[in-house]
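Report on the structure given below.
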Amino acid sequence: MADDTRGRRVLDVLAADQAWEVPADWVARVRRQLRAWGDDPNTLRPLRADAFPGFVNGTPAPVWFTHQVAPLLTGWIPVLHGEYADIGTELARDFYRPTYRFGGAGYVVRYAATDWPLQVVSGVRGFREEGRRQALKLTRDVVTQFVDAPPMAVRARALTAALDRVLADRENARMHATADYETILQFWRTSALTDTERAVLPELAGPSAALRYSVNSLRDAHAKLLMAMPDAETGDFAQLLSPLVLSAGLGGLPPAVAQILGPAAHDVEKALAEIRSGFDPQAWVAANTEWLARAVRGNQRELARSWAAAATRVSVHLSGVLADAPWPEPQVPDLDAFFRVLDRERRPAAKPEPLAKVLPLTRVETPESEEPALPKPVDLSHNPLAELDSLIGLESIKEAVRRMVAEIKTNLRRKELGLPSHERARHMVFVGKPGTAKTTIARLVGRIYNQLGVLEKGHVVEVDRSDLVGSTVGTTAPLTAAKFREALGGVLFVDEAYTLVPENSPGDFGLEAVATILKLMEDHRDECVVIVAGYHREMQRFMESNTGLASRFPKLLSFSEYDNDQLVAIFELQARQRGMLYTDDVLDVVRQVIPPAPRGHNFGNGRFIRNVLEEAIANQATRLSERDPDSLTERDLRELLPEDVKEPTSMRAEDYLLQRPGS
């Protein structure tokens with residue numbers, strides 16, 4: 001694999017002050033050691049060849065442990081980002097064959113039991129004494145590999161020192177070779193570490209200590225960042241922890257957290273009572289993200305990173321780890337948005353610049369032969385799944401579509417083998433405000449299903465009430481049937497579907513349209529996908545209006561509003577798709593024209609940003625019209641300047657029609 005020689009390979013640990021550009025020679029050295037263990041027949045091996053899922057048969061225990069321990073040495077519940085986000089997989093690539101890899105623009109949140117350094121020791125508890133002694137020594141040898149890797153160094157040195165003391169003490173070494181595991185675990189939680197070592201490895205003292213560390217580190221980080229970046233909307237620690245609890249889906253403060261807070265728990269309970277009724281988690285997370293972004297831009301990057309890492313730890317605890325629930329998705333902060341802020345701040349130092357950017361322009365004239373090649377417009381029309389991945393935000397929507405694709409592929413394979421398939425109806429409900437990409441996803445679903453062979457054409461027929469409901473008796477059913485036939489082989493997308501069943505209008509013709517659609521869905525079960533869309537509350541009423549609706553629409557996808565960083569990122573994506581060039585100064589102006597949160601019910605989200613871009617392109621054309629056309633270069637025609645970006649004074653007719661009063 002030639003990854004190590006292609007540009008910068010970064011491991012960005014959120015809790016660290018800055019990203020680490022991983023040296024190729026360091027990676028090569030670790031991989032050589034792993035191969036040496038693999039080649040040594042005397043190296044400790046598992047009892048079963050399949051003991052380590054995903055690893056090749058015969059993988060020795062220290063190789064597996066290196067894969068496990070590498071990310072955990074970066075911190076307790078660490079967040080890792082960059083090309084080496086999946087650092088363990090990168091190092092163990094000669095032995096590990098995962099079905100997927102993390103890295104690049106994504107991030108990974110790691111979590112393990114608080115006895116993670118003893119995994120090899122625990123795994124050989126049934127071995128003879130010699131095998132258990134070897135497990136202890138190999139544990140030390142694995143950890144020592146990371147004492148010179150900046151993101152892992154402090155914790156690796158502390159753990160190495162503790163292991164060295166155990167190995168040097170005859171009684172403690174014998175205890176690891178002969179005692180039951182609970183005795184060994186208790187030793188590590190009470191006696192193995194010095195106070196200094198316990199401060200950097202707090203989770204090794206047990207779950208209660210890990211929770212205490214997580215809560216206290218967030219309290220400290222919040223106080224420091226609030227002092228450095230005062231904010232009228234950001235309150236004290238109680239006003240931070242109470243919305244964190246609600247964002248995690250909890251009804252109140254967990255007793256374990258209340259015990260740690262002591263008398264301060266009363267302040268949190270009081271804050272919970274004040275915000276519980278009208279709390280909007282999305283707006284709150286967006287406000288926190290904006291605060292962190294201001295801190296980064298205000299030269300408080302390290303404090304912002306520390307706060308985000310601490311908030312992630314507490315969010316993971318609250319979201320389910322305390323109750324041994326399935327692995328939770330951290331709710332606070334918005335890590336996607338925050339890493340976009342950090343990447344943008346770091347980008348000027350990167351060489352070469354990513355496709356989406358151009359270096360700040362100078363006014364020095366250079367010969368045309370020296371003009372650097374301009375990035376090509378982004379075109380993903382041939383690959384709808386790649387286009388889906390390129391969309392900003394929408395992580396839950398992307399995951400839902402990927403699951404649908406996996407389900408279809410599995411059922412197609414079952415059919416090939418003559419097995420019964422387990423297909424559900426493919427019709428869907430989309431709920432969300434205007435401009436949140438509902439129509440975009442519908443079009444992508446049509447193209448994806450066409451490529452999979454389940455839809456003949458994959459086109460989308462977009463309709464609303466005016467296309468389906470006639471003005472007189474007997475005209476609605478034919479209108480609806482005609483539009484449905486037009487959509488055969490593709491997708492029928494019914495926008496604002498709730499208008500078909502207006503409130504307090506039992507005799508409305510829209511009810512006939514709904515009944516006609518339901519019948520045609522049954523008659524052409526595999527020939528058309530029907531997607532109904534609209535606002536959350538109104539779509540709930542629509543689904544309750546007919547007993548047959550819920551059973552025919554088994555999938556509901558909820559589209560969230562975009563925060564400021566996501567809206568700016570959408571501008572970047574759409575500009576790249578149109579082949580336009582821009583600088584960070586342009587993006588700063590884009591951010592300024594976005595209305596502050598909370599935004600009105602009819603705010604256009606992605607449509608608003610599209611109008612901002614189209615207005616900027618129109619302003620660019622006006623600016624260039626004052627010059628001699630023959631003097632204009634390709635760069636001139638593709639480059640947007642900050643003065644081109646203004647609040648849109650016009651919008652598309654379709655956008656105007658979507659912003660109906662009271663909708």
Steps toward side-chain contact (heavy atoms from CB on, under 4.5 Å) verdict (Q566, E561): CA-CA 9 Å; Q566 289 173 327; E561 288 190 271; over 6 Å; no
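- Counting heavy atoms from C-beta on, the side chains of E399 and R402 come closer than 4.5 Å.
- A heavy-atom distance below 4.5 Å is found between the side chains of F553 and V530.
- The nearest pair of heavy atoms linking V593 to F608 is O-CZ, 3.5 Å.
- Checked by atom type and distance alone, the side chain of N619 pairs as donor or acceptor with a backbone atom of E615 at under 3.5 Å.
- Using a 4.5 Å heavy-atom cutoff, the side chains of R552 and E522 are in contact.
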Salt bridge (Lys or Arg N to Asp or Glu O under 4.0 Å) assessment of R541 paired with E538: CA-CA 5 Å; R541 177 176 57 80; E538 287 84 348; over 6 Å; no
N411 and R414: CA distance, side-chain angles, deciding distance, side-chain hydrogen bond (donor to acceptor under 3.5 Å, both in side chains) verdict: CA-CA 5 Å; N411 281 313; R414 286 194 179 106; 3.0 Å; yes
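- S315 places no side-chain N or O within 3.5 Å of a backbone atom of A311 that could act as its donor or acceptor partner.
- Under the 4.5 Å side-chain criterion, counting only non-hydrogen atoms from C-beta, I448 is not in contact with V445.
- Contact between T475 and G470 at its shortest, heavy atoms only, is OG1-CA, 3.2 Å.
- The environment of CZ in R403 is sparse: at most 12 heavy-atom neighbours from other residues, nucleotides or ligands sit within 6.0 Å.
- Summarising the geometry of G510 relative to D508, their closest heavy-atom pair is N-OD2, 2.7 Å, with the distance given to 0.1 Å.
- Between T516 and T476 the shortest side-chain heavy-atom distance does not fall below 4.5 Å.
- Looking only at distances, no side-chain donor or acceptor of R610 sits under 3.5 Å from a matching main-chain atom of I570.
- Of the possible polar contacts, one joining the K438 side chain to the K433 backbone as a donor-acceptor pair under 3.5 Å is found.
- Taking each heavy atom of L479 and L468 in turn, the nearest pair found is CB-O, 3.7 Å.
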CA sep, side-chain torsions, deciding dist, call: L518, V514, side-chain contact (heavy atoms from CB on, under 4.5 Å): CA-CA 6 Å; L518 289 177; V514 173; 4.2 Å; yes
Can I get a per-line list of side-chain donor-acceptor pairs under 3.5 Å for residues 454-463, giving both atom names and the distance, sequence neighbours left out?
| unit_1 | atom_1 | unit_2 | atom_2 | d |
| --- | --- | --- | --- | --- |
| H459 | NE2 | E486 | O | 2.8 |
| E462 | OE2 | R443 | NE | 3.1 |
| E462 | OE2 | R443 | NH2 | 2.6 |

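- Going from atom CZ of R426 over to atom CD1 of I408 covers 4.5 Å, rounded to the nearest 0.5 Å.
- With rounding to the nearest 0.5 Å, the separation of CG in L556 from CZ in F430 is 9.5 Å.
- Of the candidates L80, L335, T312, Y107 forms a side chain to side chain contact (heavy atoms under 4.5 Å, CB included) with just one, namely L335.
- Closest approach of E639 to Q620, counting heavy atoms only: O-NE2, 2.9 Å.
- V491 has its side chain within reach of I531: a pair of non-hydrogen atoms, C-beta onward, lies under 4.5 Å apart.
- Proximity of M543 to Q540: side-chain heavy atoms (C-beta onward) are nowhere separated by under 4.5 Å.
- A donor-acceptor pair under 3.5 Å links the side-chain atoms of E83 to the main chain of V10, judged by distance alone.
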From CA spacing to verdict: side-chain contact (heavy atoms from CB on, under 4.5 Å), V108, I87: CA-CA 10 Å; V108 187; I87 180 69; over 6 Å; no
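- When each of V590, V645, L613 is tested with L640 by the rule side chain to side chain contact (heavy atoms under 4.5 Å, CB included), just one qualifies, namely L613.
- The main-chain N or O of P71 is never found under 3.5 Å from a side-chain atom of R110 such that the two would form a donor-acceptor pair.
- With rounding to the nearest 0.5 angstrom, the CG atom of L412 is 10.5 Å from the CD atom of E407.
- Atom OG1 of T480 and atom NZ of K519 lie 13.0 Å apart (nearest 0.5 Å).
- Remark: the backbone N or O of L581 is not paired with any side-chain donor or acceptor of R638 at under 3.5 angstrom.
- In this structure, the separation between NE2 on H427 and CE on M521 is 3.5 Å, given to the nearest 0.5 Å.
- For A437, the side chain to side chain contact (heavy atoms under 4.5 Å, CB included) criterion is met by L394, T440, Y562, not counting sequence neighbours.
- L549 is not listed as a side-chain neighbour of V429, based on a closest heavy-atom distance of 4.5 Å or more.
- Annotation for Y96 and G54: closest pair CD1-O, 3.3 Å, computed over non-hydrogen atoms.
- Taking the six-membered ring for Trp and thresholds of 30 and 60 degrees, Y582 and F571 have ring planes more than 60 degrees apart, a perpendicular arrangement.
- We find the CZ-CG distance between R591 and D565 to be 4.5 Å, quoted to the nearest 0.5 Å.
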Check against side-chain contact (heavy atoms from CB on, under 4.5 Å), E614 and R578: CA-CA 10 Å; E614 291 182 348; R578 293 171 183 242; 3.1 Å; yes
